[in-house]
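A short worksheet on the structure shown next.
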Amino acid sequence: MRHAVSRAATLQGVALAEGAPASAALAGSSNRGGSERVALFGDVAHYRYRLQVGPSQQDVITLHRVVREDGAWRPARATRAVFMVHGDGWGFEAAFLSSIGSAFVPPEQSIAAYLAKEGVDVWGIDLRWAGVPQNTQDFRFMKNWTLETHAADVGVALGVAKLLRLAGGNFMGTMHLLGWSRGAVVGYAYLNREARLPRALRQVDGFIPMDMAVRFSPQDAQQQAWACERHAALSNARQEGQLEGGLLGPAPGIMLQAIGQLAAVQPAAPSPLVQDDIFGPGTGRPSNRKLALVAAGATSVLFAPLQPVVPAYHLMGSTPDTMGLPERLSFTHEGYLFEFGQRAAPYQSINEVVETEAWACGKPVPYGDRLRDVKVPVLYVGAAGGVGRYGEHSVTLLGSQDVTLLNISTLPETARALDYGHADLFLADDARVRVWKPMLQWIRAH
């Protein structure tokens, strides 16, 4: 499928959609001193700060804060804070604040909103590529964006967050670093970088890697071999001049946007994004809804001909039809899935994807030499139908003694193809109970 979805077709799909994406539904924003504030619900507000971190107009990150307030522009003091780093495809708001503006869930039903409502000071980042405009054609500015670049940006954003917390009277408390998917890889790279500093200058008090692996255990040699295959393919693409893209090919977010938009506005129509019999001889052309469900419930097919990160990897758990293809989602409202697709960032820099695959392949990378010096408490959160248990070995590379494993599973390992998925951790109807509440308890205890 990766080669069957053309960039022209996905752009056509975007053009077919009517109305603004869910993210455009935010209202009541205001600006002060270069920052932006949006009242969300109750006493919870969302702040944005654009930070220039390099010489070009694309070298910009966005710092986010979701927090309870004592009044407008007056964040309440909080002894616990968490800083979130998103993964591929979706920036901070789509990944961690997806309930805001949604037509399918209440505004407090996303992890950043939930934790803020419970009194946690929530921070996060949009990595540089998350803000690249869709009309961009020249990607030479991405040439030197690497895992080191993103780790350094996280360090800058953490420093600004610390200063703003101090300015608000938060002189005590902890800051935990949460990274989901590729964001967890950036988190490992940042902690490795921070381990070179004197303890008094380190900014992270705890680490929450979510559903990702940077190295595989010896018993998972097949997954390491798959990573080596992906590394070889992506390295070849980069050597041929590709600077943008990732596991889903060039402009991955434009494809995801088109899948979500077409499923939302023309669910029963045959998909213009794929060819006939894409799911096997005689299956015909899938509907827009079916394509979206397969992309979420059998995500591994999007990587073809590359192998997935782990067997049967998927974003959302589903129940199958008679052909074994996803027919309906098990944990997440499908309308919420269609919104999620529409909120994807159009582009991504390819370098961090290549470096991640090198790391998982076992090749030497400059991001793991000081991990044994990282001794902060760790909470690993996995989804049994995502990376799941395969990410637990990476935690053992750290020097941490206080380690908690939370692997969300509803089915036996043999049925992992149908179990809780990579994005269900944030979008599932029961994620608050299964995932966020245990995380909150851990944050409060650390």
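In this text, all values refer to a predicted model and were calculated from it rather than measured experimentally. Residue numbers start at 1 and run along the sequence shown.
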Derivation and outcome, salt bridge (charged side-chain N to carboxylate O under 4.0 Å, His left out), residues Glu108 and Arg432: CA-CA 10 Å; Glu108 63 271 18; Arg432 180 179 65 84; over 6 Å; no

Whether Trp123 and Tyr49 hold their rings parallel, tilted or perpendicular, with breakpoints at 30° and 60°: parallel

Test of ring centre spacing under 6.0 Å for Trp90 and Phe96: no

Distance (rounded to the nearest 0.5 Å) between Ile443 CD1 and Thr174 OG1: 8.0 Å

Sub-4.5 Å side-chain heavy-atom contact between Val387 and Val309: yes

Steps toward side chain to side chain donor-acceptor pair (under 3.5 Å) verdict (Gln307, Tyr313): CA-CA 10 Å; Gln307 293 288 352; Tyr313 169 89; over 6 Å; no

Donor + acceptor pair across side chains of Tyr190, Gln203 (<3.5 Å): yes

Pair His64, Asp126: side-chain N/O donor-acceptor within cut-off below 3.5 Å: yes

Test log, rule side chain to side chain contact (heavy atoms under 4.5 Å, CB included), inputs Leu115 and Met84: CA-CA 12 Å; Leu115 291 177; Met84 299 180 174; 3.7 Å; yes

Counterpart residues, side-chain contact (heavy atoms from CB on, under 4.5 Å), relative to Arg238 (two or more places apart): Ile350, Asn351, Val354

Side chain to side chain contact (heavy atoms under 4.5 Å, CB included) evaluation trace for Phe83 with Val154: CA-CA 9 Å; Phe83 188 99; Val154 166; 4.2 Å; yes

Intermediate values then yes/no, side chain to side chain contact (heavy atoms under 4.5 Å, CB included), Thr410 and Phe331: CA-CA 11 Å; Thr410 66; Phe331 307 104; 3.6 Å; yes

Reported OG-to-CG distance for the pair Ser300 and Leu247, which is rounded to 0.5 angstrom: 11.0 Å

Separation between CD of Glu194 and CG of Leu158, rounded to the nearest 0.5 Å: 7.5 Å

Pair Asp419, Ser409: side-chain N/O donor-acceptor within cut-off below 3.5 Å: yes

Spatial distance of atom NE2 (His446) from atom OG1 (Thr404) [nearest 0.5 Å]: 5.5 Å

Asp121: partners by salt bridge (charged side-chain N to carboxylate O under 4.0 Å, His left out), with sequence neighbours left out: Arg65, Arg165

Exercise: do Asp430 and Tyr420 side chains pair donor with acceptor under 3.5 Å: yes

Close aromatic pair by centroid cut-off 6.0 Å: Tyr380 and Phe207: no

Residue Gln52 excluded, over 12 heavy atoms near CD under 6.0 Å: yes

Partner of His86 by ring pair (Phe, Tyr, Trp, His ring centres under 6.0 Å), out of Phe426, Phe92, Trp180, Trp129: Trp129

Residue pairs, two or more places apart or on separate chains, that pass side-chain hydrogen bond (donor to acceptor under 3.5 Å, both in side chains) and touch residues 206-217: Asp211-His422, Ser217-Asp220

Flag if over 12 foreign heavy atoms under 6.0 Å of CZ, Arg328: no

Residues which pass side-chain contact (heavy atoms from CB on, under 4.5 Å) with Glu118, listed by chain and number, not counting sequence neighbours: Tyr114, Leu440, Arg444

Arg230 with Glu357: basic N within carboxylate O range, under 4.0 Å: yes

Geometric class of the Phe139/Phe141 ring pair [parallel <30°, tilted 30-60°, perpendicular >60°]: tilted

Under-4.0 Å salt bridge between Asp373 and Arg370: yes

Side chain to side chain contact (heavy atoms under 4.5 Å, CB included) between Val374 and Asn192, intermediate numbers included: CA-CA 7 Å; Val374 177; Asn192 191 77; 5.7 Å; no

Tyr336 and Gln109 side chains, donor-acceptor separation under 3.5 Å: no

From CG (Leu63) to CZ (Arg48), nearest 0.5 Å: 12.0 Å

Which atom of Ser102 lies closest to which atom of Ser98, heavy atoms considered: CB-O, 3.9 Å

Close side-chain approach of Val365 and Glu355, heavy atoms under 4.5 Å: no

No-hydrogen, no-angle side-chain donor-acceptor test under 3.5 Å, Tyr347 and Gln134: no

Contacts of Asp402 that satisfy salt bridge (charged side-chain N to carboxylate O under 4.0 Å, His left out) - sequence neighbours left out: none

Residue pair Thr356 / Arg182, side-chain donor-acceptor N/O under 3.5 Å: yes

Any residue meeting salt bridge (charged side-chain N to carboxylate O under 4.0 Å, His left out) with Arg50, in chain and number order, not counting sequence neighbours: none

